[in-house]
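Along the sequence shown, the residues carry numbers beginning at 1.
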Amino acid sequence: MEGELRRLRSGLGVEDGQQQPFLVRVRFSAEDPAQVIADARAVLTRVVERMGDWPAFARWPQLLPAWFLQRCAPEPVEAERGDDPFDAEAWLRQWRAMAPEQRAAAGQGPWTLSDWLHHFDPTEEGAGDDRSWWWWQAGTDESGGGWVQVATTGRPFGSGSLFWLIKASGGTDLAYAV
């Protein structure tokens with residue numbers, strides 16, 4: 001966590017050259033790719049800074065940039081969620097029954113803030129103890145696009161939260177770099 005926070009704030013350091021992580025690069029298009037990177041860094045920095053003392057969900061709107069909150073999908077109201085606990089097996093059956101195009105479309109839309117934060121939440125309710133990517137570095141290229149490189153646990157990995165961060169920050173046409 002400390003290394004990720006340092007890389008978010010100031011880029012790669014000498015100590016990072018001694019590591020041999022599995023790195024994956026995601027390319028994106030944008031009118032201003034440097035701004036996309038700066039915005040993604042700003043959001044992720046605020047989240048990673050709080051990993052040691054995770055705030056209640058109600059505090060996040062004061063902690064994250066307003067533009068990020070506005071780009072997230074609305075949270076479901078209690079009546080829509082119902083009182084039933086989440087049924088992971090039913091969700092998995094439904095996911096497996098989808099055609100590949102349906103799966104891709106389901107991951108394209110905006111994420112709710114609660115869904116996105118769940119991937120970083122280190123408490124028992126969240127998946128943060130089982131994160132599968134960590135910020136490594138980012139930059140722009142000669143074609144006018146940008147890229148974000150993350151250390152991962154291997155491929156495939158849970159990249160949805162990374163893709164949403166880049167999209168919400170203004171990136172489009174995301175694709176893994178070859």
Would you sort out whether Asp173 and Arg27 count as a salt bridge (Lys or Arg N to Asp or Glu O under 4.0 Å), showing the intermediate values?
-> CA-CA 8 Å; Asp173 305 320; Arg27 294 193 173 286; over 6 Å; no
Side chain to side chain contact (heavy atoms under 4.5 Å, CB included) between Phe57 and Asp121, intermediate numbers included = CA-CA 10 Å; Phe57 179 71; Asp121 181 350; over 6 Å; no
Is it true that a side-chain atom of Ser132 and a backbone atom of Gly158 form a donor plus acceptor pair closer than 3.5 Å?
-> yes
Applying salt bridge (Lys or Arg N to Asp or Glu O under 4.0 Å), run through Glu4 and Arg9 and close with a yes or a no.
-> CA-CA 9 Å; Glu4 180 180 29; Arg9 290 178 175 156; over 6 Å; no
Residue pair Leu69 / Pro61: nearest heavy atoms and the distance that separates them = CD1-O, 3.4 Å
What closest approach, in Å, do Pro110 and Cys72 show between heavy atoms, and which atom pair accounts for it?
-> CB-C, 4.3 Å
Point-to-point distance, once rounded to the nearest 0.5 Å, from CE of Met51 to OG1 of Thr123 | 10.0 Å
With a 4.5 Å limit on heavy-atom distance, are the side chains of Val47 and Leu64 in contact?
-> yes
Does the ring center of Phe163 lie less than 6.0 Å from the ring center of Trp111?
-> no
Would a line drawn from the ring center of Trp60 to the ring center of Trp116 be shorter than 6.0 Å?
-> no
Spacing of Gln149 atom CD and Trp147 atom CH2 [to the nearest 0.5 Å] = 5.5 Å
Heavy-atom side-chain proximity of Val150 to Leu23 below 4.5 angstrom | no
Which residues share a side-chain hydrogen bond (donor to acceptor under 3.5 Å, both in side chains) with Thr152, sequence neighbours left out = none
Can you measure from OG (Ser10) to CZ (Arg41) and round to the nearest 0.5 angstrom?
-> 8.5 Å
Determine the minimum heavy-atom distance between Pro21 and Trp136, stating which atoms define it.
-> CG-CH2, 3.6 Å
Find out whether Leu165 and Ser169 are in side-chain contact, i.e. whether some heavy atom of one side chain is under 4.5 Å from a heavy atom of the other.
-> yes
Which atoms form the tightest heavy-atom contact between Arg6 and Leu12, and what is the distance?
-> NH1-C, 4.4 Å
Under the 3.5 angstrom rule, does the side chain of Glu75 hit a backbone N or O of Leu113 as a donor-acceptor pair?
-> yes
With the side chain counted from C-beta on, respond yes when Trp134 and Leu8 share a heavy-atom pair under 4.5 Å apart, and no when they do not.
-> no
List the atom of Gly170, the atom of Val36, and the distance in Å for their closest heavy-atom pair.
-> C-CG2, 3.7 Å
Show your reasoning for whether side chain to side chain contact (heavy atoms under 4.5 Å, CB included) applies to Gln137 and Arg25.
-> CA-CA 9 Å; Gln137 65 177 334; Arg25 187 174 284 200; 4.2 Å; yes
For Trp133 and Ser161, run side-chain hydrogen bond (donor to acceptor under 3.5 Å, both in side chains): C-alpha distance rounded to whole Å, both residues' side-chain angles, the deciding distance at 0.1 Å, then the answer.
-> CA-CA 9 Å; Trp133 66 268; Ser161 58; 2.9 Å; yes
Calculate, to the nearest 0.5 Å, the distance between atoms CZ and OG1 belonging to Arg50 and Thr45 respectively.
-> 10.0 Å
Tell me, do Pro55 and Leu63 make a side-chain contact under 4.5 Å, heavy atoms counted?
-> yes
Any Thr172 side-chain heavy atom under 4.5 Å of Lys167 side chain = no
Any Arg155 side-chain heavy atom under 4.5 Å of Val24 side chain = yes
Over 12 non-hydrogen atoms of neighbours within 6.0 angstrom of CD in Gln62 | yes
Side chain to side chain, Phe120 and Leu44, heavy atoms closer than 4.5 Å = yes
Okay, side chain of Thr112, backbone of Asp115: is any donor-acceptor separation there less than 3.5 Å?
-> yes
Quick one: does Arg71's side chain have a donor or acceptor within less than 3.5 Å of a partner on Ala168's backbone?
-> yes
